[in-house]
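The structure appears below as structure tokens.
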Number of protein chains: 4
Amino acid sequence: MLQVDLNSDLGESFGSYKIGNDDFVLKFVTSVNIACGFHAGDPLVMEKTVRQAMENKVAVGAHPGFPDLMGFGRRNMIITADEAKAYIIYQVSALNGFIKAEGGRMQHVKPHGALYNMAAKDYQLARAIAEGVHAVDDELILMGLAGSQLIRAGEEVGLRTASEVFGDRAYTTEGTLVSRSIPGSLIHDKEQAASRVLDMVLRGKVTTLDGDEISLKADSICVHGDNQEAVELVKYIRKALKEADVLVKSLK
Amino acid sequence: MLQVDLNSDLGESFGSYKIGNDDFVLKFVTSVNIACGFHAGDPLVMEKTVRQAMENKVAVGAHPGFPDLMGFGRRNMIITADEAKAYIIYQVSALNGFIKAEGGRMQHVKPHGALYNMAAKDYQLARAIAEGVHAVDDELILMGLAGSQLIRAGEEVGLRTASEVFGDRAYTTEGTLVSRSIPGSLIHDKEQAASRVLDMVLRGKVTTLDGDEISLKADSICVHGDNQEAVELVKYIRKALKEADVLVKSLK
Amino acid sequence: MLQVDLNSDLGESFGSYKIGNDDFVLKFVTSVNIACGFHAGDPLVMEKTVRQAMENKVAVGAHPGFPDLMGFGRRNMIITADEAKAYIIYQVSALNGFIKAEGGRMQHVKPHGALYNMAAKDYQLARAIAEGVHAVDDELILMGLAGSQLIRAGEEVGLRTASEVFGDRAYTTEGTLVSRSIPGSLIHDKEQAASRVLDMVLRGKVTTLDGDEISLKADSICVHGDNQEAVELVKYIRKALKEADVLVKSLK
Amino acid sequence: MLQVDLNSDLGESFGSYKIGNDDFVLKFVTSVNIACGFHAGDPLVMEKTVRQAMENKVAVGAHPGFPDLMGFGRRNMIITADEAKAYIIYQVSALNGFIKAEGGRMQHVKPHGALYNMAAKDYQLARAIAEGVHAVDDELILMGLAGSQLIRAGEEVGLRTASEVFGDRAYTTEGTLVSRSIPGSLIHDKEQAASRVLDMVLRGKVTTLDGDEISLKADSICVHGDNQEAVELVKYIRKALKEADVLVKSLK
């Protein structure tokens with residue numbers, strides 16, 4: 001039976017600042033990526049989010065980012081491979097401490113924001129991230145954009161990888177996401193998005209913005225829960241997967 | 001045969017900022033306390049310092065502090081027990097990641113600066129720290145001021161503890177350190193300091209600023225290497241311990 | 001004709017993190033205290049908030065705090081007088097830059113959170129804050145708790161001061177606020193709160209938690225807009241002041 | 001009589017971290033660029049450095065950078081024009097507060113590190129910086145790489161500009177600095193460096209790495225004092241300028 005994971009970013013609050021609808025999202029996903037204190041999250045938030053995820057039987061992953069709280073990790077920063085590797089070891093290990101304190105086990109690591117996007121294209125950066133994850137625990141799964149340099153680097157260092165796809169984003173013919181600033185980059189129609197998800201999961205194919213069909217692997221679908229449209233989309237995707245007899249479960 | 005540990009704070013550099021004489025100190029001590037990125041240290045510095053310590057066969061510990069880089073963790077902050085516990089889990093786990101990546105094992109945790117001093121007197125804070133350390137790894141040794149609330153809390157949560165003493169600081173009759181702002185609080189004469197160390201290690205006694213003799217346990221001696229006087233003192237203490245047939249070795 | 005100012009804290013968002021209901025609050029108050037980037041706020045938020053306040057013809061003040069974003073400036077930190085003065089000059093001047101860029105003029109400075117509370121009781125800290133404000137601009141008004149050390153220090157360095165009162169908080173016989181952790185410290189009934197405000201503004205008197213009546217000066221009333229109850233209270237206070245023929249206007 | 005300014009970066013210490021040889025450098029330069037707390041510097045360091053500069057009758061400028069203390073502002077970050085402008089207003093105004101508190105007046109603004117280098121080539125970023133400086137005080141001088149987009153932007157917004165040149169760095173035919181990673185980019189011979197400085201100041205010419213001669217304006221020479229070679233170079237340059245009857249003085 002075919003299966004796929006639904007993942008979402010969680011634990012992005014910081015101190016008195018609240019972001020996201022974590023309680024709600026946990027009801028719909030099978031894996032969560034928890035911020036680690038660099039671009040979002042703080043020790044108290046991490047501890048609480050790990051507990052919530054485990055209570056909801058959702059698989060837990062780390063969501064490391066650039067050291068840029070003011071920019072929420074969404075701004076490109078040019079860092080060296082040594083810096084990238086050390087930042088990954090630091091953040092993943094810090095989150096791991098909370099997971100182990102609760103008697104759990106980390107499932108995966110997915111870089112956040114600009115780090116994720118840069119690592120999709122820059123092999124040297126991707127390799128450093130993969131080496132950092134491997135250094136913490138060689139059984140961790142590295143999640144990255146399907147077909148990206150990050151997936152390639154993960155495989156080359158010997159990690160299990162999870163290819164992530166997006167139902168509500170347009171793809172280029174190279175398999176990268178079309179920038180949000182370009183018209184047509186976002187797919188607002190939930191039926192269309194769900195249909196694209198099924199194409200990716202069942203056939204390993206997606207139609208690009210230019211109308212070509214490309215192949216891609218779909219281990220996990222990225223979903224959000226921070227607004228009503230996003231929530232409706234998740235529900236719709238889950239329904240469509242169920243009707244297609246695709247099992248929705250975490251990566252392990 | 002009697003034995004004692006010599007510990008020093010290391011890895012306190014940050015980015016382009018260098019502090020300390022780490023290469024040198026590693027030749028003289030048996031344990032090091034490495035900063036974890038809150039009051040000092042950054043991921044690259046932590047990675048490098050862990051490597052250096054392991055190459056020098058020196059036991060490695062974590063040196064967590066308050067989230068106050070501008071104050072170097074030396075300013076009292078009023079935090080809750082929950083915050084303290086989470087800050088400990090975060091910092092100790094982050095450092096642990098670098099140690100495990102190098103194939104090593106963390107020996108101990110010693111809080112830094114204001115956190116150390118506050119936890120010496122405040123049981124609730126001390127307890128939260130001890131619980132944080134225990135949550136990461138219940139075989140870690142908790143190092144704190146001899147006779148302090150931190151040692152008490154460590155024992156109560158079931159951790160092995162290491163009582164730290166200072167050869168160059170005056171003690172009050174209650175067994176706490178006399179504040180540096182009080183005349184006579186610092187002992188500059190290296191013979192006198194070494195003699196006090198021997199008293200503490202061999203007899204478990206120290207003479208207070210008021211002239212009383214109090215008992216205290218001496219598992220580890222705090223030393224520094226950031227100036228010539230400090231270096232001379234370490235050498236002198238090592239010589240005195242050797243002549244007294246005290247084995248200088250790490251805690252495990 | 002009697003007059004009083006209504007002030008509220010604004011501009012507390014940071015990066016992607018939003019706090020407060022600034023648009024709304026600006027309709028009800030006559031002065032705002034804008035965070036300066038240490039405990040909350042960032043340069044973009046400061047710029048935007050200054051603009052909004054000026055568009056609404058509301059007087060603008062600085063709201064400097066401890067360098068503790070993770071604790072939102074609500075945690076006591078022990079800093080030196082030199083540090084306090086320099087932190088004030090830095091934050092007030094930074095905000096002043098945005099006000100001047102918009103062609104405005106800063107009206108006042110009100111310390112935030114733990115800095116406000118500590119400066120209410122600690123004259124040395126209060127003095128350092130007052131000196132910092134005076135160093136930036138000796139025509140600035142220093143706002144602090146009515147009857148506090150901060151008001152005293154402001155007067156002693158030659159600043160104009162504004163005594164702040166709270167309609168929804170209980171007072172001790174010493175004129176300080178009763179800690180929120182003590183039963184009865186918060187006044188939820190809006191009629192009672194408005195009645196207390198009138199007592200303070202018209203008669204310069206307030207009844208303490210112990211039932212005594214004490215004198216205090218009421219130049220400005222602290223109000224909030226972050227929940228429905230707070231908004232209802234502001235509206236009710238404005239109505240009560242109007243019926244009592246008290247003019248609600250800024251400090252200058 | 002021809003004249004030129006000698007400038008150096010100062011006030012880059014942070015908390016307990018010391019960088020640079022500020023006392024010494026102040027004896028040799030006519031202008032200093034003081035860090036503003038984002039990439040280096042803190043309020044106490046800024047206050048002290050402003051005082052030292054004014055005691056030494058050296059002109060004071062702001063040295064704003066990226067919000068990246070861990071990278072010392074040397075790592076490229078992609079920020080928006082709005083962010084850049086607001087970061088400049090914040091940092092320049094904060095430093096200005098300390099200068100005004102001492103009764104002085106800021107002479108200029110020179111962006112630091114990666115912000116300086118990016119603004120040399122990226123007009124949009126340069127323009128945002130120039131607008132930020134202009135918003136704080138339209139009489140400030142904007143210092144940037146001779147021939148750069150930053151100088152162009154400064155002129156376009158109506159600021160006086162100062163073109164900065166380097167005696168110890170190789171130039172490309174486009175007038176930009178040759179990257180430090182390329183052989184021949186650094187000129188270690190002090191006679192050669194001084195000779196190049198004279199060429200730039202007297203004739204407005206410099207020979208590029210490829211052997212071409214290009215024109216450039218030389219209002220200020222960048223010098224350092226953090227090592228013996230740098231100090232020797234400053235002394236040598238001053239001597240050469242004196243022999244050539246060039247007056248060494250600040251920009252105003």
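FYI, side chains are in, hydrogens and waters are out, and symmetry mates aren't considered; it's all heavy atoms of this structure. Residue numbers start from 1 in every chain, and the chains themselves are labelled A, B, ... in the order their sequence lines are given, proteins ahead of strands.
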What are the atom names and distances for all donor-acceptor pairs below 3.5 Å between chain A and chain B?
from    : atom 1 : to      : atom 2 : distance (Å)
A:Cys36 : O      : B:Tyr90 : OH     : 2.7
A:Tyr90 : OH     : B:Cys36 : O      : 2.7

By side-chain contact (heavy atoms from CB on, under 4.5 Å), A:Ala218 pairs with (sequence neighbours left out) A:Val165, A:Met200, A:Val201

Let's test your reading of the structure: which of A:Gly97, A:Ala135, A:Pro43 forms the most heavy-atom pairs below 4.5 Å with chain B? A:Pro43

Interatomic distance, CD1@B:Ile89 vs CG@A:Leu44, rounded to 0.5 Å, equals 10.0 Å

